[in-house]
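So that we are looking at the same thing, I have put the structure below in structure tokens.
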Amino acid sequence: MGVDFLYKNAAGRGFLKVAQTLGIYKAGAWFMKRRASKFMISYYINKYEIDMTPFEGQTYNSFSDFFCRTKEQYDFDERENAFISPCDGLFSYYRISDDMNIPMKGSSYRLEDIVPCRETAELFNDGLFMVFRLRANDYHHFCSFDNMTLEETHYIPGQLHSVQPIACETVPVYRLNRRWWSVLSTKNFQTVAQIEVGAMMVGGVTFAKENGDFAKGEEMGNFELAGSTIVILLNSDVREKLTIGEKFLKASGGECEVAILMGETLGLLKNEVN
């Protein structure tokens, strides 16, 4: 059953509503954590052409165990002025207006829709709204993009819509979906907000720790079971100083999404030593 059917077809939307009401996705998540789900692993690897080289020698007791597989190491740009991607995925970014409005994917969001604290949301007027959408074949762990202190994390219960573009064009996913938002005090990028957005079949996020210090490139947590999204908010001062890499310029305004890897350099701060 495809996403097109669920969001563009009346019968599909009806099924989706019933599935969310009855908790069918919870039953699916429960099954994927059981040993009986192991048969799905090889099918998933073949379907999404996943390179398992970094995971050689690992064994898995369930599909969920496989999905949360861990790499021993990964590369990242250690330069202080380099903003690195927190995860694998498809990247796009949007300019936040000075009235805290973000037009994207057929929907219009207010910052307070995503971060329901006006005092915090106002920090990002005229800033950047950065979206990292993880796909089925991506590594579903995420790391710290700078040396930082995680000050607080807030959980917002919500629905579990798909985060694929067709779903985002139909429903205001970033306002409705289950999510966690955090305030980060970073060494080089000032105060940042980071939001982990749950998606269809993703019942939760496992965090390495609820608060405290993270070194650049250190793992912060991982998603469970299926596609999901990380959103990062930068303030206007950092937006003006950050030079987005040429590879990613076409992702401005959501014109397209550009593939990116965890640790890959997204942009550099101006007026800093390389």
Side-chain angles (χ1 to χ4, degrees), residues 3 6-7 16 20 25 29 48 67-68 83-96 102-116 121 124 127-145 153-184 192-207 219-234 248 251-264 266:
V3 175
L6 292 175
Y7 288 94
L16 183 63
Q20 291 174 338
Y25 294 138
Y48 294 107
F67 193 84
C68 297
F83 189 103
I84 64 171
S85 174
C87 59
D88 290 356
L90 295 174
F91 171 71
S92 58
Y93 65 104
Y94 304 80
R95 173 82 172 266
I96 303 168
I102 312 156
M104 59 179 297
K105 300 294 183 186
S107 298
S108 182
Y109 294 90
R110 298 276 295 169
L111 272 182
E112 287 176 89
D113 293 334
I114 300 160
V115 177
F124 305 103
L128 274 186
F129 184 92
M130 307 170 78
V131 180
F132 303 83
R133 184 171 67 85
L134 289 80
R135 301 159 295 180
N137 59 338
D138 287 322
Y139 183 58
H140 273 67
H141 292 245
F142 53 96
C143 73
S144 173
F145 57 84
T153 299
H154 306 270
Y155 171 62
I156 301 174
Q159 300 172 21
L160 291 177
H161 287 284
S162 169
V163 292
Q164 292 191 33
I166 194 168
C168 294
E169 292 168 3
T170 306
V171 297
V173 168
Y174 299 115
R175 183 168 69 241
L176 296 179
N177 273 28
R178 181 180 304 173
R179 59 196 184 278
W180 296 255
W181 66 274
S182 306
V183 177
L184 311 172
V192 176
Q194 180 166 304
I195 303 97
E196 292 84 26
V197 183
M200 196 172 290
M201 291 299 294
V202 181
V205 176
T206 299
F207 292 98
E219 181 169 317
M220 297 186 74
N222 66 274
F223 290 99
E224 300 175 359
L225 291 179
S228 37
T229 295
I230 289 178
V231 172
I232 289 178
L233 306 179
L234 302 179
F248 303 107
S252 176
E255 290 296 320
C256 70
E257 296 175 300
V258 180
I260 195 167
L261 296 175
M262 183 166 72
E264 185 175 356
L266 177 58

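This structure is a prediction, so every number in the text was calculated from the model and none was measured. Values below: every heavy atom of this structure, side chains too, minus hydrogens, waters and symmetry copies. Note that the numbering runs from 1 along the sequence shown for the chain.
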Open item on the list: Within the 4.5 Å heavy-atom criterion, are Phe145 and Ile230 side-chain neighbours or not?
Closed with: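 Phe145 does not reach Ile230 side chain to side chain.
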Task: Ala251 versus Val258, closest heavy-atom pair with distance - done: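 Here Ala251 and Val258 meet closest at CB-CG2, 3.9 Å.
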TODO: For Met262 and Asp88, work out which heavy atoms get closest and say how close.
DONE: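 Nearest heavy atoms, Met262 then Asp88: N-OD1, 2.7 Å.
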Task: Separation of Leu234 CG from Leu128 CG (nearest 0.5 Å) - done: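 Spacing of CG (Leu128) from CG (Leu234) equals 5.5 Å.
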Open item on the list: To the nearest 0.5 Å, what is the distance between CZ on Phe248 and CG on Leu266?
Closed with: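 The CG atom of Leu266 is 5.5 Å from CZ of Phe248, to the nearest 0.5 Å.
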TODO: Taking all heavy atoms of Val192 and all of Leu233, pick out the closest pair and write down the distance.
DONE: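 Scanning both residues, the minimum pair turns out to be CG1-O, 3.3 Å.
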Task: Ser144 side, atom OG; Glu219 side, atom CD - distance, nearest 0.5 Å - done: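 Separation between the atoms: 11.5 Å.
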TODO: Please determine which of Phe142, Trp180, Phe67 meets the ring pair (Phe, Tyr, Trp, His ring centres under 6.0 Å) test together with Phe223.
DONE: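 The single option meeting the ring pair (Phe, Tyr, Trp, His ring centres under 6.0 Å) with Phe223 is Phe142.
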TODO: Supply the atom-to-atom distance Arg135 CZ to Thr229 OG1, rounded to the nearest 0.5 angstrom.
DONE: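 Here the interatomic distance stands at 12.0 Å.
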Open item on the list: Give me the atom names and distance for the closest heavy-atom approach of Ser85 to Cys143.
Closed with: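 What the structure gives for the nearest pair is O-SG, 4.0 Å.
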Open item on the list: I'd like to know if the side chain of His141 and the backbone of Cys68 have a donor-acceptor N/O pair within less than 3.5 Å.
Closed with: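 Yes; at least one donor-acceptor contact below 3.5 Å.
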Open item on the list: Has Asn222 got a side-chain atom pairing as donor or acceptor with His140's backbone, closer than 3.5 angstrom?
Closed with: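 Here the side-chain-to-backbone pair does not exist.
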Task: Pairwise side-chain contact, Val115 with Phe124, heavy-atom cut-off 4.5 Å (strictly under) - done: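 No. Closest side-chain heavy atoms not under 4.5 Å.
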Open item on the list: If I take atom CE from residue Met220 and atom OG from residue Ser182, how far apart are they, to the nearest 0.5 angstrom?
Closed with: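 Taking CE in Met220 and OG in Ser182, the distance rounds to 6.5 Å.
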Task: Close side-chain approach of Phe132 to Ile232, heavy-atom, < 4.5 Å - done: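 Yes, side chains in contact.
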TODO: Please round to the nearest 0.5 Å and tell me the distance separating atom CD of Gln194 and atom CH2 of Trp181.
DONE: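 CH2 of Trp181 is found 13.0 Å from CD of Gln194.
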